[in-house]
2 protein chains.
Amino acid sequence: MATLTTINGEIKELCNFPLEPELIAEIDSSSKIMIVERDELFVKEGDQMDMIPLLLKGTVRCFYKDYDLDREILYYYAQPGESCLFTYFSMFDDHKSKVFAVAEKRTKILMVPREQVMEWHTKYKSWNKFMVNSYIKRYMDLLDGLKKAGLSKIEDRVIDYLDKKSDRVRSKSIKTTHKFIANDLGTTREVISRTLHHLENKNYLIRERGKILLKN
Amino acid sequence: MATLTTINGEIKELCNFPLEPELIAEIDSSSKIMIVERDELFVKEGDQMDMIPLLLKGTVRCFYKDYDLDREILYYYAQPGESCLFTYFSMFDDHKSKVFAVAEKRTKILMVPREQVMEWHTKYKSWNKFMVNSYIKRYMDLLDGLKKAGLSKIEDRVIDYLDKKSDRVRSKSIKTTHKFIANDLGTTREVISRTLHHLENKNYLIRERGKILLKN
DNA sequence: AAAATTAGGTGACTTTTGATACAAAGTTTT
DNA sequence: AAAACTTTGTATCAAAAGTCACCTAATTTT
């Protein structure tokens, strides 16, 4: 279960440019740190969002459930220094999450009360810059995904997917299943199995049960 | 050629919630209105962006040129009350446009100096809200595009494309060519011709040279 | 240990899309 | 009006991806 601890100066990890000391003090006094374990579902669709999560360490898989198609659609993997964009968006309408969020590994999250997130925008230039940068990054990522989806064949998309995952987990050994990859890429298990087989023949990786080892 | 005129209270058209009177006064004194004619290319890749365009009337087609693939990739159609998001993004790095922008029809644009756009974020709550809403809309559109690209066949994508275009031009009669649609959807002319033929058989539209008439 | 569940393998088939090639009709330029 | 260009029609072929069916192997539960 997720645990909440108080914060003690860990905010420096938050972003790569200086934050106003006053802002840091405000974060310190108003925000909490939450630790989420691997595979823990910590935001569900419909959850009332009174705090906006900002990633300090770890990765979060953000997805949406399409009830018509009875499928999960991957939105993005949030990384340290990023906010959960969708939760942030929810502040502008009904304060309810439109997405599910699951930790890909043990993850440390800064929880900032909604009111402050809004207030700080006009109060601190650095906060505004941080949020906008976060937004730009997400937008560009999405655009990249769109281009890849439209222009590449699955083989390339699988390679791209595995490379990114390998970067996130900082390992050439990826623990996952064919079904899971298929879900993230919006295709079927058979297609992924076939593709991974080809990639093994091309000496790009080694398949094991529940695991993929990237070569190179 | 684009013309610049001074502004006189047209800012109300800008967005659907009230703006601070001080902000309106600032817009009035610092911004200019530009009229762009149909099919006019008014932002080129690499252009120095000292002013951020905000659409008042009309539509702008925003695209990027992939020199590797020698193809244009459609990013979005900007509508009244929206900023040209990519131009805005450019403020955060080298101030150069990464995109091309062409008016889809006669378009009225508010040009706001870069410095003010940044300053107003922290100065006026309504401005911040306006810009963030603009992001959200763009992001959601993109997401929609991604879902469509991944889950639908071209027939559905063509229908969606034509419906949206019809909304924008406020007419069931759409002036366009098969080649143009193919470009926007990232496919080839033949595929679009074939698809439109099917859609005509299904009584969804009527094909004419350089024109498509939507039924229903 | 037997049964059930989960992960993965693979062949055969279908659908969709893209590529190629050429024809024909409509428009614009000369 | 002839020539050149643009737009559209269409047939054929190939490749890629999704579907179906059924099988094997590993792992977990009972």
Side-chain angles (χ1 to χ4, degrees), chain A residues 39 66 68-74 145-162 165 173-214, chain B residues 39 66 68-74 145-162 165 173-214:
Chain A
D39 294 330
D66 189 317
D68 294 337
L69 296 156
D70 192 36
R71 268 200 45 196
E72 283 174 9
I73 294 172
L74 175 68
L146 188 64
K147 261 193 328 206
K148 288 222 172 60
L151 300 169
S152 315
K153 18 190 192 172
I154 336 181
E155 191 161 309
D156 295 328
R157 295 178 59 211
V158 170
I159 291 175
D160 184 69
Y161 177 87
L162 292 174
K165 187 133 189 157
S173 164
I174 298 168
K175 280 175 72 179
T176 189
T177 67
H178 298 189
K179 181 85 193 84
F180 193 87
I181 300 174
N183 263 335
D184 271 5
L185 296 183
T187 180
T188 59
R189 202 263 315 161
E190 293 88 328
V191 172
I192 298 298
S193 292
R194 199 193 288 156
T195 305
L196 288 173
H197 200 164
H198 290 163
L199 289 173
E200 186 169 66
N201 289 340
K202 288 187 184 174
N203 210 32
Y204 189 82
L205 49 79
I206 295 164
R207 293 171 299 163
E208 281 180 32
R209 187 190 172 86
K211 191 193 284 186
I212 293 165
L213 288 145
L214 294 187
Chain B
D39 293 330
D66 188 318
D68 294 338
L69 296 157
D70 192 35
R71 268 201 43 199
E72 284 174 9
I73 294 173
L74 175 68
L146 188 65
K147 262 193 326 206
K148 289 224 171 58
L151 300 170
S152 314
K153 17 190 193 172
I154 329 187
E155 191 162 310
D156 296 326
R157 295 178 58 212
V158 170
I159 291 175
D160 183 70
Y161 177 87
L162 292 175
K165 187 132 188 159
S173 163
I174 297 168
K175 280 174 72 178
T176 189
T177 66
H178 299 188
K179 181 85 194 82
F180 193 87
I181 300 175
N183 263 336
D184 271 5
L185 296 183
T187 180
T188 59
R189 201 265 314 161
E190 292 86 336
V191 173
I192 298 297
S193 292
R194 199 195 287 158
T195 307
L196 288 174
H197 200 165
H198 291 163
L199 289 173
E200 187 169 67
N201 290 340
K202 288 186 183 174
N203 210 32
Y204 189 82
L205 49 79
I206 295 163
R207 293 171 300 163
E208 282 180 29
R209 186 188 173 84
K211 190 192 284 188
I212 293 166
L213 288 146
L214 292 188

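Just so it is clear: chains get the letters A, B, ... in the order the sequence lines come, proteins before strands, and each one is counted from 1.
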Asker: Would you kindly give the CG-to-P distance between B/N183 and D/dT8, to the nearest whole Å?
Answerer: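 Nearest whole value for this atom pair: 13 Å.
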Asker: How bent is the helix from C/dA1-D/dT30 to C/dT30-D/dA1, measuring the angle between the end axes built from five pairs each, rounded to 10°?
Answerer: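 The helix from C/dA1-D/dT30 to C/dT30-D/dA1 shows an end-to-end axis angle of 30°.
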Asker: Run the side-chain contact (heavy atoms from CB on, under 4.5 Å) test against A/L146 and tell me which residues pass, sequence neighbours left out.
Answerer: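 So A/L146 forms a side-chain contact (heavy atoms from CB on, under 4.5 Å) with B/L142, B/L146, B/A149.
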Asker: One character per nucleotide, please: for nucleotides 15-21 of chain D, 5' to 3', B when the base has a protein heavy atom closer than 4.0 Å, S when only the sugar-phosphate does, - otherwise.
Answerer: -SBBBBB
Asker: For residues 181-188 of chain B, which side-chain N or O atoms pair as donor and acceptor with protein atoms under 3.5 Å away, sequence neighbours left out?
Answerer:
from	atom 1	to	atom 2	distance (Å)
B/D184	OD1	B/R61	NE	3.1
B/D184	OD1	B/R61	NH2	2.5
B/D184	OD2	B/Y77	OH	2.6
B/D184	OD2	B/Y161	OH	2.6

Asker: If you restrict it to nitrogen or oxygen atoms, what contacts under 3.5 Å exist between nucleotides 4-6 of chain C and the protein, and what is each distance?
Answerer:
from	atom 1	to	atom 2	distance (Å)
C/dT6	O2	A/R209	NH2	3.0

Asker: Whole angstrom is fine here: how far is it from NZ in A/K175 over to C1' in C/dA7?
Answerer: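 Those two atoms, NZ and C1', are 15 Å apart.
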Asker: At what distance, to the nearest 0.5 angstrom, does CD1 of B/I159 lie from CG of B/L205?
Answerer: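 Answer for the CD1-CG pair, B/I159 versus B/L205, is 8.0 Å.
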Asker: Just jot down the salt bridge (Lys or Arg N to Asp or Glu O under 4.0 Å) partners of A/D39, sequence neighbours excluded, or say none.
Answerer: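 Residues passing salt bridge (Lys or Arg N to Asp or Glu O under 4.0 Å) with A/D39: none at all.
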Asker: For the residue pair B/L162 and B/L214, what are the closest heavy atoms and their distance?
Answerer: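 So the minimum-distance heavy-atom pair works out to O-CD1, 3.9 Å.
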Asker: Would you please confirm or rule out a distance under 4.0 Å between OP1 or OP2 of D/dT10 and any side-chain N or O of B/H197?
Answerer: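 Yes, such a contact exists.
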Asker: Give the rounded distance in Å between these two atoms: NE2 of B/H198 and P of D/dT8.
Answerer: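 In whole Å, D/dT8 P and B/H198 NE2 are 17 Å from each other.
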Asker: Quick one: side-chain hydrogen bond (donor to acceptor under 3.5 Å, both in side chains) partners of B/K165, sequence neighbours excluded?
Answerer: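 With neighbours one apart ignored, the set is B/E104.
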Asker: For residues 196-209 of chain B, which residue pairs qualify under salt bridge (charged side-chain N to carboxylate O under 4.0 Å, His left out), counting only residues two or more places apart or in two chains?
Answerer: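 Those involving residues 196-209 of chain B are B/E155-B/K202, B/E200-B/R207.
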Asker: Hey, what do you get for NE2 (A/H197) to OG1 (A/T195), rounding to the nearest 0.5 Å?
Answerer: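 Rounded to the nearest 0.5 Å, the NE2-OG1 separation comes to 11.5 Å.
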Asker: Which residues pass the side-chain hydrogen bond (donor to acceptor under 3.5 Å, both in side chains) test with B/N203, not counting sequence neighbours?
Answerer: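 With sequence neighbours excluded, B/N203 shows a side-chain hydrogen bond (donor to acceptor under 3.5 Å, both in side chains) to B/K215, given in chain and number order.
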Asker: Which residues pass the salt bridge (Lys or Arg N to Asp or Glu O under 4.0 Å) test with A/D160, not counting sequence neighbours?
Answerer: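 A/D160 satisfies salt bridge (Lys or Arg N to Asp or Glu O under 4.0 Å) with A/K148, A/K164 once adjacent residues are dropped.
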Asker: Within this structure, what is the CZ-to-C1' distance between A/F180 and C/dG8, rounded to whole angstrom?
Answerer: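 In whole Å, C/dG8 C1' and A/F180 CZ are 17 Å from each other.
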Asker: To the nearest angstrom, how far is B/I212 atom CD1 from D/dT7 atom P?
Answerer: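 Going from B/I212 (CD1) to D/dT7 (P), I get 13 Å.
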Asker: Going by the side chain to side chain donor-acceptor pair (under 3.5 Å) test, which pairs reach into residues 173-182 of chain B, not counting sequence neighbours?
Answerer: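 Qualifying pairs: B/H178-B/S193.
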Asker: Please state how far atom CD1 in A/I192 lies from atom C1' in C/dG9, giving the value in whole angstrom units.
Answerer: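 Roughly 14 Å, once rounded to whole Å.
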Asker: Within this structure, what is the CG-to-P distance between B/L196 and C/dT17, rounded to whole angstrom?
Answerer: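 Taking CG of B/L196 and P of C/dT17, I get 13 Å after rounding.
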Asker: Between C1' on C/dA19 and NZ on B/K179, what's the gap in Å once rounded to a whole number?
Answerer: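 These atoms are roughly 13 Å apart.
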